[in-house]
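Everything on this sheet refers to the single structure shown next.
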Amino acid sequence: MSRPRGRRVDPARAAALEVLRAVRAEDGYTNLVLPAVLSQHGLTGRDAAFVTELAAGTVRRQATYDAVLAACIDRPLRKVETAVLDALRLGTHQLLGMRVPAHAAISTTVDLVRAKVSQGAGGFANAVLRKVSARDLAAWIDEVAPSSDADAHGHLAVAESHPRWVVDALASAVGEDELAALLAADNVPPRVTLVARPGRATRDELPGTPTPYSPYGVTLEGGDPAAVPAVAEGRAGVQDEGSQLVALALAAAPVEGRDERWVDLCAGPGGKASLLAALAAERGAALTGVELHHHRARLVARAASSGGGAGFAGVVQADATRAPYADASADRILLDAPCTGLGALRRRPEARWRRTPGDLAELVALQRTLLAEAGRVLRPGGALLYATCSPVLAETAEVVTAVLGDHPELRLDDVRPHLPAVPDADGPLPGSVQLWPHRHATDAMFLALLRRTS
Ligand SMILES: C[S@@+](CC[C@H](N)C(=O)[O-])C[C@H]1O[C@@H](n2cnc3c(N)ncnc32)[C@H](O)[C@@H]1O
């Protein structure tokens, strides 16, 4: 295929290529880089939606596409110039994952490579993408993935584009029968869910469909959530239904006696703290948000002030492994611990490629220290909710079991009665809850309720 020099590059593809570069080379987050690049290129509406699918879908499906590209290129992918490889991944996503006609997917990628890299690289891209276009996605997966019979997890790692260690870890949590459904759900970007903060907004004033489990949520069909007046005024916010349920479960758990001092020990950026504070305000209690990192503590403070401050006692920048509270001083505690986030892969396209088994080991040590410290601050008769947006057993059941083993004054309680509307959510420990994207259309939040006996 020969192309005239200087042919116009499609702005949507150029924008998507910029997003891939920033995510790869600058450790950017797809969801943060995208709005900036879209606005630089003046792309809105359908064009913006196309770039979003192009970039986020390519990042998400990278393992599948790299396996296909490796079969079409006669040298290792690491020897392909990175800008060319990014463009080839974009072209492959258009060919195998979007309904872009082959001639358009190939010619626009070739133009992009010629404009951004070199004429010669354009010829290479053309030859590779012609090979990619010879099969559809299912046929390519048959060709390049290990067979399911010989290596079930290896097959899913390629077919559903997850790192092998993540497939193994998720399999231990969800079981083999539902593993493929879970991994497939991770590849579907979720609809935006809003929360109407109680006492400040009602969900009747929000657009969208009521969520099935949280009485405060709605799911939007599309559109910009920031354009919803209650969101712009801080009376409502964007929040996954699973996160809403975490806050609601803690608020619903009965406590004996005083119920005034609520603490969120890992509060940034403040989503659950905002919902908890609204619930606290309704019953004369107040929540303090604790957060280690300055910029995240500021986000919590901003969330508190945009809601008028009701229900917030304050925001403290501190290390919750040495929480600035006396023993047995808090009535309700949320410990929404830093975790791998492997339960929220739907909304973070690059997260699965960034996490390592080494991160998991570090996080587990931190989670255990934080939970033991939360147990120290909890008063007998109060309620402590441990939550993660990861279903990985090392971060959920194993952390709770280890801390209970070291602290006989703590015991596990049943959190399920406080989430009565949620079916099929039994967690890995008696009385714990595990939500799932493929079952509940939420992030895979884990919840365990702890009590202190003395
Ligand atoms: C899972 S996020 C919390 C999300 C938050 N609950 C929400 O709904 O918006 C965990 C938070 O813990 C913070 N964190 C990490 N280590 C901490 C520590 N030692 N003390 C306090 N906060 C910490 C992280 O910066 C992060 O903001």
Side-chain angles (χ1 to χ4, degrees), residues 29 31-32 193-195 197 214 216-217 231 234 236-251 262-280 287-304 306-307 311-312 314-325 330 332-345 347-348 351 354-355 359-360 362-377 384-392 395-396 399 403 435 442-448:
Y29 296 96
N31 297 340
L32 296 183
T193 306
L194 302 183
V195 60
R197 298 195 175 115
S214 164
Y216 301 110
V231 174
V238 174
Q239 188 170 44
D240 177 67
E241 190 182 15
S243 290
Q244 297 181 33
L245 293 174
V246 168
L248 295 176
L250 175 60
W262 296 17
V263 180
D264 181 344
L265 282 175
C266 286
K272 294 180 196 72
S274 296
L275 178 51
L276 277 171
L279 293 163
L287 175 101
T288 304
V290 178
E291 167 59 46
L292 180 62
H293 296 111
H294 179 67
H295 67 285
R296 290 175 79 85
R298 284 184 57 173
L299 292 175
V300 184
R302 193 186 301 163
S306 76
F312 265 103
V315 178
V316 179
Q317 188 193 342
D319 181 350
T321 63
R322 288 168 292 157
Y325 298 104
R332 289 182 198 267
I333 300 178
L334 175 62
L335 178 61
D336 183 25
C339 70
T340 57
L342 292 177
L345 296 179
R347 59 185 78 256
R348 299 176 198 153
R354 298 254 166 97
R355 285 299 185 191
D359 296 339
L360 179 62
E362 270 178 35
L363 284 163
V364 164
L366 177 60
Q367 290 156 356
R368 286 175 61 159
T369 309
L370 285 166
L371 184 54
E373 181 67 349
R376 180 189 69 75
V377 175
L384 161 60
L385 191 76
Y386 175 74
T388 57
C389 62
S390 166
V392 172
E395 302 181 87
T396 60
V399 166
V403 172
L435 303 172
T442 63
D443 289 343
M445 303 296 309
F446 167 82
L447 295 80

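Ligands are counted one by one from 1 in listed order, and the atoms in each one are counted from 1 as well.
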Looking at [atom], what's its closest protein heavy atom, distance included?
{"atom": "atom 4 (C) of ligand 1", "result": "Gly268 O, 3.1 Å"}
{"atom": "atom 12 (O) of ligand 1", "result": "Cys266 CB, 3.3 Å"}
{"atom": "atom 13 (C) of ligand 1", "result": "Glu291 OE1, 3.3 Å"}
{"atom": "atom 19 (N) of ligand 1", "result": "Asp319 OD1, 2.8 Å"}
{"atom": "atom 22 (N) of ligand 1", "result": "Leu292 N, 3.3 Å"}
{"atom": "atom 27 (O) of ligand 1", "result": "Arg296 NE, 2.5 Å"}
{"atom": "atom 6 (N) of ligand 1", "result": "Asp336 OD2, 2.7 Å"}
{"atom": "atom 15 (C) of ligand 1", "result": "Pro338 CG, 3.5 Å"}

Give the atoms of ligand 1, by number and element, whose distance to some non-hydrogen atom of [X] is under 4.0 Å.
{"X": "His293", "result": "25 (O)"}
{"X": "Ala320", "result": "18 (C), 19 (N), 20 (N), 21 (C)"}
{"X": "Ala318", "result": "20 (N), 21 (C)"}

Give the contacting part of [X] toward ligand 1: side chain, backbone, both or neither, where contact means a heavy-atom distance below 4.0 Å.
{"X": "Cys339", "result": "neither"}
{"X": "Leu265", "result": "backbone"}
{"X": "Cys389", "result": "neither"}

Query raised in the report: Are more than 12 heavy atoms from other residues, nucleotides or ligands located less than 6.0 Å from atom CZ of Arg298?
Result: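 For Arg298, atom CZ is not crowded (no more than 12 foreign heavy atoms under 6.0 Å).
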Query raised in the report: Are there more than 12 heavy atoms of other residues, nucleotides or ligands under 6.0 Å from atom CZ of Arg354?
Result: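 Yes, the 6.0 Å shell around CZ holds more than 12 heavy atoms from other groups.
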I'd like to check whether [X] has a polar contact with ligand 1, where a contact means an N/O of the residue lying under 3.5 Å from an N/O of the ligand.
{"X": "Leu334", "value": "no"}
{"X": "Ala337", "value": "no"}
{"X": "Leu370", "value": "no"}

Report task. Have a look at Leu334 and tell me which of Leu384, Asp264, Val263 forms a side chain to side chain contact (heavy atoms under 4.5 Å, CB included) with it. Result ->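 By the side chain to side chain contact (heavy atoms under 4.5 Å, CB included) criterion, Leu334 pairs with just one of Leu384, Asp264, Val263: Asp264.
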Query raised in the report: Under the criterion side chain to side chain contact (heavy atoms under 4.5 Å, CB included), which of Val377, Leu371, Thr388 is the partner of Leu335?
Result: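 Only one of Val377, Leu371, Thr388 forms a side chain to side chain contact (heavy atoms under 4.5 Å, CB included) with Leu335, namely Leu371.
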Query raised in the report: Between the side chains of Glu395 and Ser390, does any donor sit under 3.5 Å from an acceptor?
Result: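 There is such a pair between these side chains.
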Query raised in the report: Does ligand 1 have an atom under 4.0 Å from some heavy atom of Ser243?
Result: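 Heavy atoms of Ser243 never come under 4.0 Å of ligand 1.
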Query raised in the report: Under 3.5 Å, side chain of Arg332 to main-chain N/O of Leu250, donor-acceptor pair present?
Result: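 Yes: the side chain of Arg332 pairs with the backbone of Leu250.
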Query raised in the report: Can you name the closest pair of heavy atoms from Ser274 and Ala303 and give their distance?
Result: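 Minimum heavy-atom separation between Ser274 and Ala303: OG-CB, 3.4 Å.
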